[in-house]
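Not measured: the values here are computed from a predicted model. Just so it is clear, the values below take in all heavy atoms, side chains as well, and ignore hydrogens, waters and symmetry mates. Here is the naming used below: chain letters follow the sequence lines, and residue numbers restart at 1 for every chain.
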Amino acid sequence: RKEVEQDPGPFNVPEGATVAFNCTYSNSASQSFFWYRQDCRKEPKLLMSVYSSGNEDGRFTAQLNRASQYISLLIRDSKLSDSATYLCAVNIQQAGTALIFGKGTTLSVSS
Amino acid sequence: GAVVSQHPSWVICKSGTSVKIECRSLDFQATTMFWYRQFPKQSLMLMATSNEGSKATYEQGVEKDKFLINHASLTLSTLTVTSAHPEDSSFYICSASPGRVNEQYFGPGTRLTVT
């Protein structure tokens, strides 16, 4: 079983749609959770951290369910510029340990 | 702040040659650097973790004699792909951490094509 698994995608949605991505992780020692955005042929860029109580940043909402080892990202009012691959990442929260990434889910927003 | 550079950004080389990729933290000291590899439509796969002044720790399945990692200073780590083969063609991304939890900054990546 892979450490971090994501919805296969791709997600093709019209502008203005709401779309949700899911991610599960297998290591129960995971303590930190993140969503990254990766554009084609570029490095991943941090979109937002995911906190236990859930958190929101504009049109983006992240949720964490520790019991189910599950993370989600909700994007409301999708924009064309949201088209990218969204990667979830987990870390066991020790200095010097690497982020472990999911395969990513591709989102394509069309007009 | 927290800028990481990689050089070169892309490279094409012939089979059998070696290629060196540099990763630099420009405005902080990176006690730990990580090397990832990403094949098309695949995830970033961690190859190795390197701490300044010590040998790198490689992930299972990554050949340490083929992917030589040197982290000689707090701002520079290098990855050398030795005797490159076409199947080594990939996007190599480094990231650097100043040693604080949850701080990991990515370089822009190096696209390697082996012909």
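Within 6.0 Å of atom OH in A/Tyr51, 12 or fewer heavy atoms from other residues, nucleotides or ligands are found, so the atom counts as exposed in its surroundings. The 12-atom threshold is not exceeded at NZ of B/Lys20, counting heavy atoms of other residues, nucleotides or ligands nearer than 6.0 Å.
In this structure, B/Ile69 is a member of the same hydrophobic cluster as B/Met47, with clusters built from ILVMFWY side-chain heavy atoms closer than 4.5 Å. Following chains of ILVMFWY side-chain contacts shorter than 4.5 Å, one can reach A/Val50 starting from A/Leu107, so the two form part of one hydrophobic cluster. Residues B/Val62 and B/Tyr36 do not share a hydrophobic cluster, clusters being chains of Ile/Leu/Val/Met/Phe/Trp/Tyr side chains in contact below 4.5 Å. Hydrophobic clustering (side-chain heavy atoms under 4.5 Å, transitive across Ile, Leu, Val, Met, Phe, Trp, Tyr) groups B/Val81 together with B/Tyr58. One hydrophobic cluster, built from ILVMFWY side chains closer than 4.5 Å, holds both A/Phe21 and A/Leu64.
If you take CD on A/Glu3 and OG on B/Ser43, they are separated by 10.5 Å, rounding to the nearest 0.5 Å. The line from CZ of A/Phe101 to CD of B/Gln38 is 9.0 Å long, rounded to the nearest 0.5 Å.
For B/Leu46, the part sitting under 4.5 Å from any heavy atom of chain A is the side chain, from C-beta outward, and nothing else. In this structure, the portion of B/Thr49 lying under 4.5 Å from any heavy atom of chain A is its side chain and not its backbone. Heavy atoms closer than 4.5 Å to chain A are found nowhere in B/Gln6, neither backbone nor side chain. Residue A/Leu99 touches chain B through both its backbone and its side chain, counting heavy-atom pairs closer than 4.5 Å.
Residues of residues 34-49 of chain A that come within less than 4.5 angstrom of chain B, heavy atom to heavy atom, are A/Phe34, A/Tyr36, A/Gln38, A/Arg41, A/Lys42, A/Glu43, A/Pro44 in numerical order.
In this structure, A/Thr97 and B/Gln104 approach most closely via the heavy-atom pair O-OE1, 4.0 Å.
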